[in-house]
Structure formats: structure tokens, C-alpha cells
Number of protein chains: 2
Amino acid sequence: MLPVSGYHTDMATSEFGNMIEEGTRLQLQFQKRGGLLPVVVQNCEDGMVLMLGYADPAALQHTLATGYATFYSTSRGKLWTKGETSGDRLQIQEVLVDCDQDSLLYRVEMLGDGACHTTRHTTGTARRSCFYRRIDGSGNELAFLPDCD
Amino acid sequence: MLPVSGYHTDMATSEFGNMIEEGTRLQLQFQKRGGLLPVVVQNCEDGMVLMLGYADPAALQHTLATGYATFYSTSRGKLWTKGETSGDRLQIQEVLVDCDQDSLLYRVEMLGDGACHTTRHTTGTARRSCFYRRIDGSGNELAFLPDCD
């Protein structure tokens with residue numbers, strides 16, 4: 001049973017909008033977003049936002065079937081289970097869907113050091129989150145967050 | 001000074017990739033994502049992921065200039081400051097950038113009831129987060145999270 005077979009293109013009626021927002025049937029709006037939905041990944045334990053990936057129907061199906069966070073890699077053009085080479089897998093605790101059913105939230109437990117493919121210079125270990133820099137006051141420079149360099 | 005003027009299309013060199021990942025210059029990759037970057041919005045206070053929006057350069061510039069979370073509305077085709085009609089504004093604490101510089105994280109303080117445009121049936125107040133349902137065990141049904149119906 002695939003959860004992602006319900007494509008809809010007619011968004012004209014408020015009744016349909018209401019089903020999307022208030023219903024209990026999964027009707028993910030892949031077509032609305034060009035075939036891929038953005039996926040936020042959050043660490044269940046401390047709430048840290050770890051990364052932003054994308055999912056096609058097959059990636060979500062694989063995630064739900066295996067329990068490991070899987071994405072569609074837009075750079076490699078294929079399915080990609082985070083940690084399949086590094087071992088830093090992300091075990092799914094729950095998958096949430098937003099009001100418009102056009103984005104996903106994977107809430108995960110981290111099985112390895114980090115979710116990012118980059119490494120800290122000071123320790124050589126994977127950075128926990130891909131979001132390790134913030135835009136500084138000037139608005140065109142970045143500053144590394146503490147313990148991320 | 002706009003932080004978002006640095007467009008780059010040549011991703012061929014690892015040196016350039018390294019500047020993107022390890023540099024302190026903002027080089028947001030709008031072109032890579034069709035002109036819009038996904039924006040995760042997180043409540044600073046408790047780490048809750050509130051919504052997923054999109055930003056073009058003008059939306060980010062407006063966000064940084066005003067301190068209120070602003071997006072490019074893909075449904076209305078224009079800038080949209082969350083809460084400009086409802087009053088439920090999201091005040092920016094910091095804006096983080098990911099390793100690839102192709103997604104953003106707005107960390108915010110909530111000035112109103114919620115970040116979602118939908119309302120709880122039981123209270124009539126805005127839902128705090130747009131992610132109020134999870135995919136249930138069967139994989140094609142949704143279940144409302146506690147205190148979200």
C-alpha cells in the first residue's frame with residue numbers, strides 16, 4: 001500500500017482544500033512542487049533541525065518501509081538513504097505532514113555522529129546539523145555557530 | 001547591501017564547493033533551486049518546527065531588514081510577511097544557512113497564538129505548527145497530534 005498515490009491537480013474548491021488541511025487521508029501534493037517535496041529533518045531528542053532534503057514518492061515509501069530517513073538526491077538524481085556509506089543513519093520516529101500536504105517533517109533518532117556530510121576542523125567528526133552558520137549583522141557574511149568549526 | 005546578490009552557476013570545482021560549505025561569505029544558491037530557497041521556521045523557545053516556506057532574495061532582504069519572518073508566497077506570487085493580517089508575527093532571532101547554501105532556517109519568537117493559518121476546532125485558535133498530523137502505521141492515513149484537533 002503506497003501512501004503517495006493520491007495526486008490531485010484541482011485545487012479550485014474550498015471543500016478540497018479543507019480535505020487537504022483537515023482530513024485524515026494522505027494526499028501529498030507532489031505535482032504542486034514539481035514532483036519533490038521538501039523534507040525537514042529534526043532530532044527528536046533535543047529538537048535540533050538537522051538538514052533539509054527532498055522526497056519523491058519512492059523516497060517516502062522507502063523511509064516508511066525501512067525506518068531510515070531516505071531522500072531523493074537532487075545532485076545525484078537517485079534515492080539516497082542518509083548514512084548508507086558513513087553509518088550515520090537517521091532512524092525515523094515519526095513522519096509529520098504539513099497543513100497543505102506539500103512538505104514533510106522526519107523526526108529522527110541519530111544513530112551516528114551527525115547528519116551533515118561536512119566535518120568539524122577541530123575534531124574531524126561529522127557536524128551534527130547542516131545548519132552550522134548564521135547570517136551575521138552585516139547581512140552578507142556568515143558566522144559559525146559555537147562548536148561547529 | 002544585499003546579502004543575496006552572489007549567484008554562482010559553476011559548481012565544477014571542489015574549491016568552490018569548499019567555499020560554499022566552509023566559507024564565511026553568503027553565496028545563496030537561488031539559481032540551483034529555481035529562484036526560491038526552502039525556509040524552515042523553528043520556534044527558538046521549545047525547538048518546535050512551525051512551518052516550511054520559501055524565500056526569494058527580496059523576502060530574505062525584507063526579513064533581515066524588518067526582523068519579521070517574510071516569505072515568497074508561491075500561491076499568491078508575492079512577498080508575504082507571516083502575521084501581517086492575523087497579527088501572529090514571527091520575530092527573527094537568527095537566520096541560519098545550510099552547508100550547501102540552498103536552504104534557510106529562520107529561528108523565531110512567536111508573537112501570536114500560532115504559525116499556521118488553520119485553526120483548532122476545539123478552541124478556535126490558530127494551530128501553533130503547520131505540522132499537526134503524522135502518517136500513521138498503515139502509511140496512507142493521517143492522525144492528528146495531541147492538542148491539535
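- The two residues A/Glu94 and B/Leu145 have their closest heavy-atom pair at OE1-CD2, 4.4 Å.
- Ranked by non-hydrogen atom pairs under 4.5 Å with chain A, the options B/Ala65, B/Ser103, B/Ala143, B/Ser129 are led by B/Ser103.
- Residues B/Phe144 and A/Glu22 approach most closely at CZ-O, 3.5 Å, considering heavy atoms.
- A/Leu50 and A/Phe71 fall within a single hydrophobic cluster, where Ile, Leu, Val, Met, Phe, Trp and Tyr side chains are chained together by heavy-atom contacts under 4.5 Å.
- Among B/Leu52, B/Asp136, B/Asp149, the residue with the largest count of heavy-atom pairs under 4.5 Å with chain A is B/Leu52.
- Within the 4.5 angstrom heavy-atom criterion, only side-chain atoms of A/Val40, from C-beta onward, approach chain B.
- Neither the backbone nor the side chain of B/Arg120 has a heavy atom closer than 4.5 Å to any heavy atom of chain A.
- Across all their heavy atoms, B/Glu21 and A/His117 have their closest contact at OE2-NE2, 2.7 Å.
- Residue contact with chain A, scored on non-hydrogen atoms closer than 4.5 Å, is absent for B/Arg107.
- With hydrophobic clusters built from ILVMFWY side chains whose heavy atoms lie under 4.5 angstrom apart, B/Phe131 does not share a cluster with A/Ile92.
- Under the 4.5 Å side-chain contact rule for hydrophobic residues, B/Leu104 and A/Tyr132 do not share a cluster.
- If you chain together hydrophobic residues whose side chains sit under 4.5 Å apart, B/Leu90 and B/Leu37 fall into the same group.
- Counting non-hydrogen atoms of neighbouring residues, nucleotides and ligands closer than 6.0 angstrom, the CD atom of A/Glu84 exceeds 12 such neighbours.
- Heavy-atom distances place the side chain of B/Tyr54, and not its backbone, under 4.5 Å from chain A.
- Side-chain contact between A/Ile135 and B/Leu96 is absent, with no heavy atoms from C-beta onward closer than 4.5 Å.
- Under a 3.5 Å cut-off, the side chain of B/Arg25 and the backbone N or O of A/Leu142 do not form any donor-acceptor pair.
- Comparing A/Thr118, A/Leu105, A/Thr74 by how many heavy-atom pairs each has under 4.5 Å with chain B, the most go to A/Leu105.
- The structure places SG of A/Cys99 at 8.5 Å from CZ of B/Arg127, a figure rounded to the nearest 0.5 Å.
- When hydrophobic clusters are built by joining Ile, Leu, Val, Met, Phe, Trp and Tyr residues whose side-chain heavy atoms come closer than 4.5 Å, directly or via intermediates, B/Val39 is not grouped with B/Tyr72.
- Residue with the most contacts toward chain B among A/Gln101, A/Met48, A/Met51: A/Gln101 (heavy-atom pairs, distance under 4.5 Å).
- When every heavy atom of A/Gly139 is checked against every heavy atom of B/Leu26, the shortest pair comes out as O-CD2, 3.6 Å.
- A distance-only check finds no donor-acceptor pair linking the side chain of A/Arg134 to the backbone of B/Val97 [under 3.5 Å].
- There is no contact between B/Thr63 and chain A, counting heavy-atom distances below 4.5 Å.
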